[in-house]
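Both counts, for ligands and for their atoms, begin at 1 and track the order of listing.
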Amino acid sequence: MLRALGAKNHPATVTSIRWITDHMVRIDFQCDGILHQAGEKPSAWIRAWFPDLTHPSKMHQRGYTLLDADPAAGTFGLAFLVHDPAGPASTWARSAEVGDELLMTRLGGDGHDVATAEDSPRGYLLMGDVASWPAFTTLIDAIPVGVPVRVVIEHSNDDDRVLPLPTRDGLVVDWVRSTPDRRALVDAIDAADDYRGWHTWVTAESKATRLAKKRLAQEHAQSKSTMHTQAYWMAGRAMGRTAEPESQRV
Ligand SMILES: Cc1cc2nc3c(=O)[nH]c(=O)nc-3n(C[C@H](O)[C@H](O)[C@H](O)COP(=O)(O)OP(=O)(O)OC[C@H]3O[C@@H](n4cnc5c(N)ncnc54)[C@H](O)[C@@H]3O)c2cc1C
C-alpha cells in the first residue's frame with residue numbers, strides 16, 4: 001500500500017490532541033524519517049493521506065504546516081482548520097484519537113529562509129486566511145526583531161481571532177472578515193500603503209490569492225523575487241492528489 005501511494009511514505013502516530021478554538025485542532029505526531037535532520041525552515045509543510053469519506057480504500061493527499069518540529073525525536077504538530085463544508089482531512093482531524101495513524105510524505109514543502117537583520121527587506125506583509133495561521137506563526141518567529149511585519153488574516157468564525165500569534169515590536173495584525181467575493185484580502189491593501197521594498201506572502205483561497213497577488217505586483221512592484229504566493233485551497237472544490245492503493249495492487 002505504501003508503494004502504491006507513490007514517493008516515500010512514513011507512518012505517523014497521533015500522540016496528543018488539543019482544540020485551540022472551536023474550529024482549529026492541534027494534533028501532535030511521532031513519525032520517524034519525515035523531518036529534515038538539519039531542522040525545518042519556517043512554513044515547511046508535509047503531505048498526509050486521508051481516507052475518502054465514502055470509499056475508505058481511496059486516499060486523498062492534503063498539505064499541512066509543520067509546527068514545533070523536533071527532528072531528533074521525530075515529533076511535530078499540525079494544526080487543522082475544521083471547516084464546513086468538510087473534506088477528508090478536516091473530517092479526519094475532527095474525530096482523531098491518540099494512537100491513530102496517518103501516512104505522510106515530503107515532496108518539496110521545505111519552507112522558506114528568512115533574511116538576517118542586515119539583509120532584511122523594509123518589512124514583511126503576510127496575507128492569508130486561517131489555514132495560513134500555522135505558517136504565519138513560524139514566519140513571524142523567524143523574522144528578525146525590529147523589522148516591521150503586517151499580518152492580514154481573513155476569517156469566518158468569531159473565535160478565529162483568538163488564535164495566538166507571537167507578540168513582538170513592529171507587528172501589526174489585522175483580522176478581516178471573509179466575504180463571498182473573496183476580496184477581503186485585496187481590499188485590505190490600502191491605496192495609501194507602500195509595499196515597495198517589502199517581502200510579501202499570500203497564501204489563501206485560490207481567487208483571494210490571485211486578487212491580492214495582482215494588486216501587489218501592479219501597484220507595489222512585487223515580483224517573483226520578493227513575493228511568495230500559493231493557493232492553499234479552492235472554494236467549492238477539493239484540492240490535492242487522490243490514489244486508490246487497493247486497485248493498484250497486482
Ligand atoms: C502548503 C500548504 C500548507 C497548508 N497548511 C495548512 C495548515 O497548517 N492548516 C490547515 O488547516 N490547512 C492548511 N492548508 C490547507 C489545506 O491543505 C486545505 O484546506 C485542504 O484542502 C483541506 O482538505 P479537506 O480534505 O479538509 O478539504 P477538501 O476536500 O480539499 O475540500 C472540501 C471542501 O472544503 C472546502 N475547504 C477546503 N479547505 C478549506 C479552508 N481552509 N477553509 C474553508 N473551506 C475549505 C473546499 O472548498 C471544499 O468545498 C495548507 C495548504 C497548503 C497547500
Report summary line: Looking only at protein heavy atoms, what sits closest to atom 9 (N) of ligand 1 is A79 O, 2.8 Å

Query raised in the report: In terms of atom number and element, which parts of ligand 1 are under 4.0 angstrom from non-hydrogen atoms of F80?
Result: 11 (O)

Report task. Could you tell me the residue and atom name of the protein heavy atom closest to atom 26 (O) of ligand 1, and the distance to it rounded to 0.1 Å? Result -> S90 OG, 2.7 Å

Query - For the student: nearest non-hydrogen atoms of V114 and P42, plus distance - result: CG2-CG, 4.2 Å

Requested in this report: Could you tell me whether the side chains of D129 and W233 share a donor-acceptor contact shorter than 3.5 Å?
Outcome: yes

**Report entry** Donor-acceptor under 3.5 Å (R150 side chain, L126 main chain)
**Finding:** no

Query raised in the report: Are any of the N or O atoms of T65 closer than 3.5 Å to those of ligand 1?
Result: yes

Query raised in the report: Taking both backbone and side-chain atoms of P88, is any N or O found less than 3.5 Å from an N or O belonging to ligand 1?
Result: yes

Query raised in the report: With atoms numbered from 1 as shown, which atoms in ligand 1 lie under 4.0 angstrom from a non-hydrogen atom of P85?
Result: 33 (C), 34 (O), 35 (C), 49 (O)

Requested in this report: Would you mind listing which atoms of ligand 1 come within a distance below 4.0 Å of any non-hydrogen atom of A89?
Outcome: 23 (O), 24 (P), 25 (O), 26 (O)

Query - Under-4.0 Å heavy-atom contact with ligand 1, by part of P134 that carries it - result: side chain

Query - Check against ring-ring contact (aromatic ring centres under 6.0 Å, His included), H83 and H23 - result: CA-CA 7 Å; H83 47 82; H23 303 92; over 10 Å; no

Query raised in the report: Is there a donor-acceptor pair under 3.5 Å between the side chain of S132 and the backbone N or O of T203?
Result: yes

**Report entry** Sub-4.0 Å heavy-atom contact, H60 with ligand 1
**Finding:** no

Query raised in the report: If you measure from atom 37 (C) of ligand 1 to every heavy atom of H83, M239, E154, Q61, which option wins on shortest distance?
Result: H83

Query raised in the report: Taking the side chain as C-beta and beyond, is there a heavy-atom pair between Y124 and V147 under 4.5 Å?
Result: yes

**Report entry** Atoms of ligand 1 close to G236 [distance to a heavy atom under 4.0 angstrom, numbered from 1]
**Finding:** 47 (O), 49 (O)

Query - Per-residue contact class, S132 against ligand 1 - non-hydrogen pairs under 4.0 Å - result: neither

Query raised in the report: Counting from 1, what ligand 1 atoms have a heavy atom of A86 closer than 4.0 Å?
Result: 32 (C), 33 (C)

Query - Neighbour count above 12 (heavy atom, 6.0 Å) for R177 CZ - result: yes

Query raised in the report: Can you say whether the rings of W92 and F29 are parallel (under 30°), tilted (30 to 60°) or perpendicular (over 60°)?
Result: parallel

**Report entry** Nearest candidate to atom 50 (C) of ligand 1, where distance is taken over non-hydrogen atoms, out of G63, G108, S43, G109
**Finding:** G63

**Report entry** ring-ring contact (aromatic ring centres under 6.0 Å, His included) partner of Y64, chosen from F80, Y232, W45
**Finding:** F80

Report task. Indicate yes or no for a side-chain donor-acceptor contact from T91 to the backbone of P88 under 3.5 Å, with no hydrogens or angles considered. Result -> no

Query raised in the report: Is the closest N or O pair between R62 and ligand 1 shorter than 3.5 Å?
Result: yes

Report summary line: Quick look: W233 vs ligand 1, heavy-atom contacts under 4.0 Å, and the answer is side chain

Query raised in the report: atom 46 (C) of ligand 1: which of H155, R47, R237 has the nearest heavy atom?
Result: R237

Requested in this report: Examine the proximity of ligand 1 to M234 and report which part, side chain or backbone, both or neither, has a heavy atom under 4.0 Å away.
Outcome: backbone

Query - Protein contact of atom 22 (C) of ligand 1 - nearest heavy atom, named by residue and atom, plus distance - result: Y64 OH, 3.4 Å

Report task. List the closest protein heavy-atom neighbour of atom 6 (C) of ligand 1: residue, atom name, distance to the nearest 0.1 Å. Result -> A131 O, 3.4 Å

Query raised in the report: Just checking, is any N or O donor in the side chain of T242 or H60 under 3.5 Å from an acceptor N or O on the other one?
Result: yes

Report task. Could you find the nearest protein heavy atom to atom 11 (O) of ligand 1 and give me its residue, atom name and distance? Result -> L81 N, 2.8 Å

Query - Atoms in ligand 1 with a heavy atom of W45 nearer than 4.0 Å - result: 1 (C)

Query raised in the report: Going by atom types alone, do Y195 and R122 pair a side-chain donor with an acceptor below 3.5 Å?
Result: no

Query raised in the report: Would one find more than 12 heavy atoms of other residues, nucleotides or ligands at under 6.0 Å from atom CG of D169?
Result: no

Query raised in the report: If we ignore angles and hydrogens, is there a donor and acceptor under 3.5 Å between the side chains of H36 and D110?
Result: yes

Query raised in the report: Got the closest protein heavy atom to atom 15 (C) of ligand 1, with its distance?
Result: Y232 O, 3.4 Å

